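Computed from a prediction, not measured in an experiment: that's the story for all the values here.
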Amino acid sequence: MNHHEFLEELSCRLGYAEKENAARQVSALAEIIAEELQEGLTIDMDSLGTLGVEKRLEKIIVNPLTGQRFLAPPELVVKFEPGAGLDEEFKNKRSDE
């Protein structure tokens, strides 16, 4: 599902005549999530899961063409862990097939 299809489905489920309303809500949600993650906070959504920031340590990387080794700096990455409800619903859908 791409962004356009997601907005269409969201606007149908929320009963919006125009998908611009759904687009504003998705945009606001993305802004809130980005702000919270930049502050290093964790976002826990009961029906979806948990979003957080994780620090990856520096590591040695090898260029396969030249064999040259270099040190990749540490970085912050967004980590998502599905919630129990989402995980269970996914397993139920998979077992129905």
Side-chain angles (χ1 to χ4, degrees):
M1 174 180 283
N2 64 29
H3 184 69
H4 178 74
E5 294 167 340
F6 176 73
L7 291 178
E8 293 253 342
E9 181 67 25
L10 185 62
S11 63
C12 285
R13 289 189 185 201
L14 294 175
Y16 294 145
E18 300 174 5
K19 68 180 178 185
E20 285 77 25
N21 293 329
R24 280 196 300 269
Q25 287 187 340
V26 169
S27 197
L29 178 65
E31 287 175 19
I32 292 169
I33 290 173
E35 290 169 4
E36 295 295 309
L37 292 176
Q38 287 174 353
E39 292 178 18
L41 300 174
T42 300
I43 302 167
D44 187 16
M45 295 176 273
D46 293 337
S47 60
L48 186 62
T50 305
L51 285 164
V53 177
E54 184 178 86
K55 184 175 183 178
R56 286 200 184 148
L57 301 175
E58 61 186 17
K59 60 184 175 182
I60 297 174
I61 296 178
V62 179
N63 182 333
L65 296 176
T66 64
Q68 180 182 8
R69 296 173 178 254
F70 61 95
L71 191 61
E75 60 183 344
L76 297 175
V77 293
V78 176
K79 183 179 178 184
F80 173 73
E81 289 187 30
L86 180 65
D87 213 21
E88 191 63 35
E89 189 168 324
F90 180 73
K91 287 178 185 175
N92 289 339
K93 297 273 185 188
R94 296 284 298 178
S95 64
D96 292 344
E97 293 178 357

Quiz item: Take atom CG in L71; do more than 12 heavy atoms of anything else shown fall under 6.0 Å from it?
Solution: yes
Practice problem: Would you kindly confirm whether L86 and F6 end up in one hydrophobic cluster when ILVMFWY residues are joined by side chain heavy atoms under 4.5 Å apart? | Solution: no
Quiz prompt | Side-chain heavy atoms of E58 within contact of P74, under 4.5 Å | solution = yes
Quiz prompt | NZ on K79 to CZ on R56, rounded to 0.5 Å | solution = 10.0 Å
Quiz prompt | Lys/Arg-Asp/Glu bridge criterion (N-O < 4.0 Å) met for R13, E9 | solution = yes
Quiz item: Is there a path of hydrophobic side-chain contacts, each under 4.5 Å between heavy atoms of I, L, V, M, F, W or Y residues, that connects L7 with M1?
Solution: yes
Practice problem: Check each of Q25, K19, R24 against N21 using the side-chain hydrogen bond (donor to acceptor under 3.5 Å, both in side chains) test, and report the only one that passes. | Solution: R24
Self-check item: Test item: L51 and T42 side chains (from C-beta on) under 4.5 Å apart, heavy atoms
Solution: no
Quiz item: Looking at side-chain heavy atoms only, is the closest gap between F80 and L48 below 4.5 Å?
Solution: yes
Quiz item: Can you check whether V77 reaches E75 side chain to side chain, under 4.5 Å on heavy atoms?
Solution: yes
Exercise. Please examine the side chains of I43 and T50, heavy atoms only from C-beta on, and report whether any two atoms are closer than 4.5 Å.
Key: no
Practice problem: With the side chain counted from C-beta on, respond yes when V26 and L10 share a heavy-atom pair under 4.5 Å apart, and no when they do not. | Solution: yes
Quiz item: If you group Ile, Leu, Val, Met, Phe, Trp and Tyr by side-chain heavy-atom gaps below 4.5 Å, do V78 and L76 land in one group?
Solution: yes
Quiz item: Do side-chain atoms of E5 reach the backbone of N2 as a donor and acceptor pair under 3.5 angstrom?
Solution: yes
Practice problem: Over all heavy atoms of both residues, which pair between A72 and I61 is shortest? Give the atoms and the distance, please. | Solution: CB-CD1, 3.4 Å
Quiz item: When hydrophobic residues are tied together by side-chain contacts of less than 4.5 Å, even through go-betweens, does I32 share a cluster with V53?
Solution: no
